[in-house]
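Please read all numbers here as calculations on a predicted model, not as lab measurements. For ligands, and for the atoms within them, numbers begin at 1 and follow the listed sequence.
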Amino acid sequence: MRIDILTLFPSLFDGPFSESMIKRAQAAGYAEIHLHDIRDFSTDKHKRVDDYPFGGGAGMVMMIQPIADAIDSLKAQRTYDHIIYLTPDGQTLNQGIANHLSLSGNIILLCGHYKGIDQRIREHYITDEISIGDYVLTGGELAACVLVDSIVRLIPGVLSDEESALTDSFQDNLLAPPIYTRPSDYNGWQVPDILLSGHEAKIEEWRMQQAIERTKKLRPDLLK
Ligand code: ADE
């Protein structure tokens, strides 16, 4: 999968993309992530990328021209399955959306800043608008990191069998069951006997029961 990210702050991605799973996925060729500085596309002599909102009001608006030229230049080179704008008023990200996007070939992520982007970009270029939750971030970059992480780990081959995403919380609309590792007794805090029994079928049944109970208690909305 190829992911092109349009941002005013490319260096914000340095840390998250150069460690752990995303680093491995890129090194192994499962994901190609390209960062593009929107400012590089500005035709303004001062490289301005924002301007005052028509009609007045607080805050600045990201201008059409640099964003449109950036997207056009990418679209001239390949076709994109999704052109996604990260925004607090988008559809809230969930595991189903991540699963769907992980099947894409090429996607563009557009990160906004200031008060947002000129509405005409949303109308004429954007195919999906995604929020990572009901709170407002300073820009779309951290949201894009979250989205990329949730998608890339689902690309077949990225996770090993032991890490498999199939047993993650939410994959079947259930929260994951509790997990334990050695020692089986820590100052009197015991691991449930069933997990030490070696009885695979019974352990599976226990895990499913726990997953259902936890979901009922903590996230009953998932069971609807
Ligand atoms: N940009 C600012 N806040 C955001 C949010 N909650 N989700 C996605 N993008 C955002």
Participant: Test side chain to side chain contact (heavy atoms under 4.5 Å, CB included) on Asp44 and Gln65 and set out the steps.
Facilitator: CA-CA 9 Å; Asp44 178 79; Gln65 178 273 316; 5.7 Å; no
Participant: Does some non-hydrogen atom of Gly139 fall short of 4.0 Å from ligand 1?
Facilitator: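 Gly139: in contact with ligand 1 (<4.0 Å).
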Participant: Taking the minimum heavy-atom distance to atom 4 (C) of ligand 1, which of Gly140, Ala143, Pro88, Ser131 ranks first?
Facilitator: Pro88
Participant: In sequence, state the C-alpha distance, the side-chain angles, and the governing distance for Asn173 and Thr215, and then conclude on side chain to side chain contact (heavy atoms under 4.5 Å, CB included).
Facilitator: CA-CA 9 Å; Asn173 265 353; Thr215 310; over 6 Å; no
Participant: Heavy-atom distance to atom 2 (C) of ligand 1: which of Asp89, Thr87, Ile84, Leu137 wins?
Facilitator: Leu137
Participant: Please list, in number order, the atoms of ligand 1 under 4.0 Å from a heavy atom of Leu86.
Facilitator: 8 (C), 9 (N)
Participant: Which ligand 1 atoms, with their elements, are less than 4.0 angstrom from a heavy-atom of Gly133?
Facilitator: 6 (N)
Participant: So if I apply the side chain to side chain contact (heavy atoms under 4.5 Å, CB included) rule between Ile84 and each of Ile5, Ile3, Leu147, which one comes out positive?
Facilitator: Leu147
Participant: Which atom names give the shortest non-hydrogen contact between Phe17 and Gln26, and what distance separates them?
Facilitator: O-NE2, 3.0 Å
Participant: Quick one: does Ile117's side chain get under 4.5 Å of Tyr85's, heavy atoms only?
Facilitator: yes
Participant: Any idea which part of Ile130 is under 4.0 Å from ligand 1, heavy-atom wise: side chain, backbone, both or neither?
Facilitator: backbone
Participant: Return the residue, atom name and 0.1 Å-rounded distance of the protein heavy atom closest to atom 7 (N) of ligand 1.
Facilitator: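 Atom 7 (N) of ligand 1 sits closest to the protein heavy atom Ile132 N, 3.0 Å.
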Participant: Any idea which protein heavy atom is nearest atom 6 (N) of ligand 1, and the distance to it?
Facilitator: Tyr135 O, 2.8 Å
Participant: Can you label the angle between the Tyr186 ring and the Trp189 ring as parallel, tilted or perpendicular, going by 30° and 60°?
Facilitator: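 Ring orientation, 0 to 90° scale: tilted.
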